[in-house]
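Numbers restart at 1 for each chain; the letters A, B, ... are given by sequence-line order, proteins then strands.
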Amino acid sequence: MLGKYLVYNSPAGRMSARIVEIEAYIGQDDPACHAARGKTDRNAPMFGPGGFSYVYFIYGMYNCLNFVTEKRKHPAALLLRAAEPKEGIDLMRLNSPRIRATNELLNGPGKLCRSFGLTTVHTALDLTGNQLYLEDRNEPSVSFGYSPRIGIRVGADLPWRFFDSDSKALSRPVEAGKTK
DNA sequence: GTAGTGATTTTCT
DNA sequence: GAAAATCACTACA
């Protein structure tokens, strides 16, 4: 998924961004995964088939966007943490007026959803539709790195965060010795 | 430039 | 009633 393009045809216009940072949340054995304690109203999309969105509300102000990856009854998702704005940058600025640098419009899971205008009404969308989807533009493979996941209190020892180590739009600096 | 802390509300126990 | 897959502001160097 790293290096692919996220496209969102919003009511206000088309926006797209190159994905540069993701985290994996896999199954009921992963203590940090929302699905670890069973199915609830919130995490229900993860228990459905792959290829759907999962948006959840967190910390009273922010939303985070995930892509469901596995088949039915096998909860797993990728959290989109950061991306480089490509199209619709003006629209993103309207949603995040306090952010000045273009590279900072999408460099965090909360900011990514805010700049795109995504909320929980966008959860469980079919990613093969024409509203929210991925595009593979066949760009050269990226130099990627990995690190422990960020912002969680359990399962933080698993190195399931992956990022494009050449990007200037990461949510955290590249740590020494972590690139491949 | 980095480090520390308040904001704010849904969701689950 | 407490915690949460976060962000932005403030203080200080």
Test the A:Arg172-A:Phe163 pair against the cation-pi criterion, namely NZ or CZ under 6.0 angstrom from the six-membered ring centroid and within 45° of the ring axis.
no
State whether A:Arg149 and A:Asp157 are salt-bridged, where the test is any N-O pair (Lys NZ or Arg NE/NH1/NH2 against Asp/Glu carboxylate O) under 4.0 Å.
no
Applying a strict under-4.5 Å side-chain criterion to I, L, V, M, F, W and Y, I'd like to know whether A:Val68 and A:Leu80 cluster together.
no
Rounding to an integer number of Å, can you tell me how far A:Leu118 CG sits from C:dT6 P?
17 Å
Tabulated below should be each protein N or O lying under 3.5 Å from an N or O of nucleotides 11-13 of chain C; please produce it.
none

Under-4.0 Å side-chain N/O to phosphate OP1/OP2 contact, A:Arg172 with C:dT6:
no
Does the side-chain ring of A:Tyr25 lie flat on the base of C:dA5, meaning centres under 5.5 Å and planes less than 30 degrees apart?
yes
Is a salt bridge present between A:Arg14 and A:Glu135, judged by a nitrogen-to-oxygen distance below 4.0 Å?
yes
Counting distance only, does the side-chain N/O of A:Ser96 pair as donor-acceptor with the main-chain N or O of A:Ile99 below 3.5 Å?
no
Of all heavy-atom pairs between A:Pro85 and A:Met92, which one has the smallest distance, and what is that distance?
CB-SD, 3.8 Å
Under 6.0 Å from the six-membered ring centre of A:Tyr5 and within 45° of its axis: does the NZ or CZ of A:Arg18 meet both?
no
OP1 or OP2 of C:dA5 sitting under 4.0 Å from any side-chain N/O of A:Arg161?
no
Give A:Arg153 one of three labels, base, sugar-phosphate or nothing, depending on what nucleic acid heavy atoms sit under 4.0 Å from its own.
sugar-phosphate
Test item: side-chain donor near acceptor, A:Lys39 and A:Asn43, under 3.5 Å
no
Span that lies between the P atom of B:dG6 and that of C:dA3, in whole angstrom
16 Å
Do any N or O atoms of the protein come closer than 3.5 Å to N or O atoms of nucleotides 6-9 of chain B, and which pairs are they?
residue: B:dT8; atom: O2; partner: A:Tyr59; partner atom: O; Å: 2.7
residue: B:dT9; atom: O4'; partner: A:Gly60; partner atom: O; Å: 3.4

By nearest atom, which of the nucleotides C:dT6, B:dC12, C:dA8 is closest to the A:Pro109 side chain?
C:dT6
